[in-house]
Amino acid sequence: MMPTIAVHAGAGRARFEEDDLRMYRSGLRDAALNGLKALRNGNAIDAVVEAISTLESNPVNDAGVGSVFNIAGEVEVDAGLMNGSTMSIGAVASVKHVANPIRLAKFIMNNTDHVMVVGEGAEELARIAGLWVPEFVFVNEKKVNRYRSMIREVDSGSVPYKRVLKLAKEAGIMDTVGAVALDSDGNLAAGTSTGGVWLKWRGRVGDSPIPGAGYWADRRCALSATGLGEVIIRHMASLRAATAVEAGSDIITAINASVNGASTIFGTGTIGLIGIDSLGNVHAAFNTEMMGRGFIRMDMSEPVVAVLPEERFP
């Protein structure tokens, strides 16, 4: 058993400008390295939080500062975190002023009796935890221009639910971020963070804060999902893989079966899943054009980073 962390930065279509792709890859590397540093100094929960916080701080990801705009031109973020040894969970949803929602999820896990806190109540806790930030943190010219372009495609005055998911899938931006880790004591942890999908309805919550859907951790494995949240929730993608591991499947077979099952029911271009088992075996699978992923063990000096399907991982 070797302490290990694996990260992802979303599954979707391969539509990156060259500069953004460099930032995307370097962000995965930095997240893995920061997670490994936390593994050396702390535990699996610390590693997951540090890795995801690094990804939330990268503006090319749809999480944290890079989170996309909802139908009203606002940012609403979601995140969830789970400790596999204690089954403790912390989660937040529909939060507007938090650049590192995974840290708020950890605060909820450690300082409240609750599993999930949403909206204004979560923002009140963010102020207490020192995590509240002003709205301008999430705004940049490229994102504003994309919002203005996409909003023109939505019929004025109508609920755009189905059309918005179609637009999000076509845009290729489903860059939810996540991490899974195994520490030196054999503890497993998982977390996921997102800004949701472009032009989502106010208050829409995806899979990322929901245990069993966007993430799961127990004593056998830890998993984090990415893709279209509505599909991942319906499929309970992370728990489905964990249940297969509990029944005797290895982590590769379990993850592949969950992703392939989603493909059969909901179609391709919908999901990616990364996981680690109690022995430190890592695997990722996706039915999209790409999925940014990386991993590093305690005995490695540099992480393995991959984006396209043909790139080696792990």
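From a predicted model like this one, the values you see are computed outputs, not experimental measurements.
We find that Glu311 and Arg293 are not joined by a salt bridge, their nearest charged nitrogen and carboxylate oxygen being 4.0 Å or further apart. A salt bridge links Lys96 to Glu74: one of the charged nitrogens lies within less than 4.0 Å of a carboxylate oxygen. Salt-bridge check for Asp218 with Arg220: failed, with every basic side-chain N at 4.0 Å or more from each acidic carboxylate O. The pair Arg234-Glu230 does not count as a salt bridge, with every side-chain nitrogen at least 4.0 angstrom from each carboxylate oxygen.
Under the 3.5 Å distance criterion, with hydrogens and angles disregarded, no donor-acceptor pair is assigned to the side chains of Asp30 and Thr54. Side-chain polar atoms of Ser278 and Arg219 form no donor-acceptor pair below 3.5 angstrom. In summary, the side chains of Thr176 and Thr194 do present a donor paired with an acceptor at a separation below 3.5 Å, with no hydrogens or angles considered. Counted by atom type alone, Asp250 and Thr253 present one or more donor-acceptor pairs between their side chains at under 3.5 Å. One side chain, Asn281 or Asp277, offers a donor N or O that lies under 3.5 Å from an acceptor on the other. With hydrogens and angles left out, the side-chain atoms of Ser263 and Thr268 include no donor and acceptor closer than 3.5 Å. A donor-acceptor contact closer than 3.5 angstrom is absent between the side chains of Asn34 and Glu50.
Ring geometry for Phe69 against Trp198 counts as perpendicular: the plane angle is over 60°, on a 0 to 90° scale with 30° as the lower cut.
Minimum interatomic distance between Pro303 and Leu33 (heavy atoms only, all atoms of both residues): CD-CD2, 3.8 Å. Between Ile274 and His8, the shortest heavy-atom distance links the atoms CG2-CD2, 3.5 Å. In plain terms, the two heavy atoms of Thr192 and Ala225 that are nearest each other are CG2-O, 3.6 Å. Smallest separation of non-hydrogen atoms from Val177 and Ala9: CG1-CA, 4.0 Å. Closest heavy-atom contact between Gly35 and Ala47: O-CB, 3.3 Å. When every heavy atom of Met291 is checked against every heavy atom of Tyr24, the shortest pair comes out as C-OH, 4.3 Å.
Side chains of Ile89 and Tyr215 form a contact here, defined as non-hydrogen atoms less than 4.5 Å apart.
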The test is side chain to side chain contact (heavy atoms under 4.5 Å, CB included); show your working for Ser85 and Leu188 and say whether it passes. CA-CA 7 Å; Ser85 298; Leu188 290 154; over 6 Å; no
Salt bridge (Lys or Arg N to Asp or Glu O under 4.0 Å) for Glu17 and Arg22? Distances and angles first, verdict last. CA-CA 9 Å; Glu17 297 177 4; Arg22 280 196 293 267; over 6 Å; no
Test Val144 against Val139 for side chain to side chain contact (heavy atoms under 4.5 Å, CB included), laying out the working first. CA-CA 7 Å; Val144 170; Val139 178; 3.7 Å; yes
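Judged by distance alone, the side chain of Asn100 and the main-chain N or O of Arg103 form no donor-acceptor pair under 3.5 Å. Here the side chain of Ser57 pairs a donor or acceptor atom with the backbone of Ser53 at under 3.5 angstrom. Under a 3.5 Å cut-off, the side chain of Asp183 and the backbone N or O of Asn43 do not form any donor-acceptor pair.
More than 12 heavy atoms of other residues, nucleotides or ligands lie within 6.0 Å of CD in Glu302, so this atom counts as buried by the packing criterion. Within a 6.0 Å radius of NZ in Lys143, more than 12 heavy atoms belonging to other residues, nucleotides or ligands are found.
Connection of Phe286 to Val259 is not established within any shared hydrophobic cluster, with ILVMFWY side chains joined at heavy-atom distances below 4.5 Å, either directly or through further cluster members.
When each of Asn187, Thr86, Asn83 is paired with Ile45, the side chain to side chain contact (heavy atoms under 4.5 Å, CB included) condition holds for Asn83 and for no other.
In this structure, Leu104 CG and Met109 CE are separated by 12.0 Å, a value rounded to the nearest 0.5 Å.
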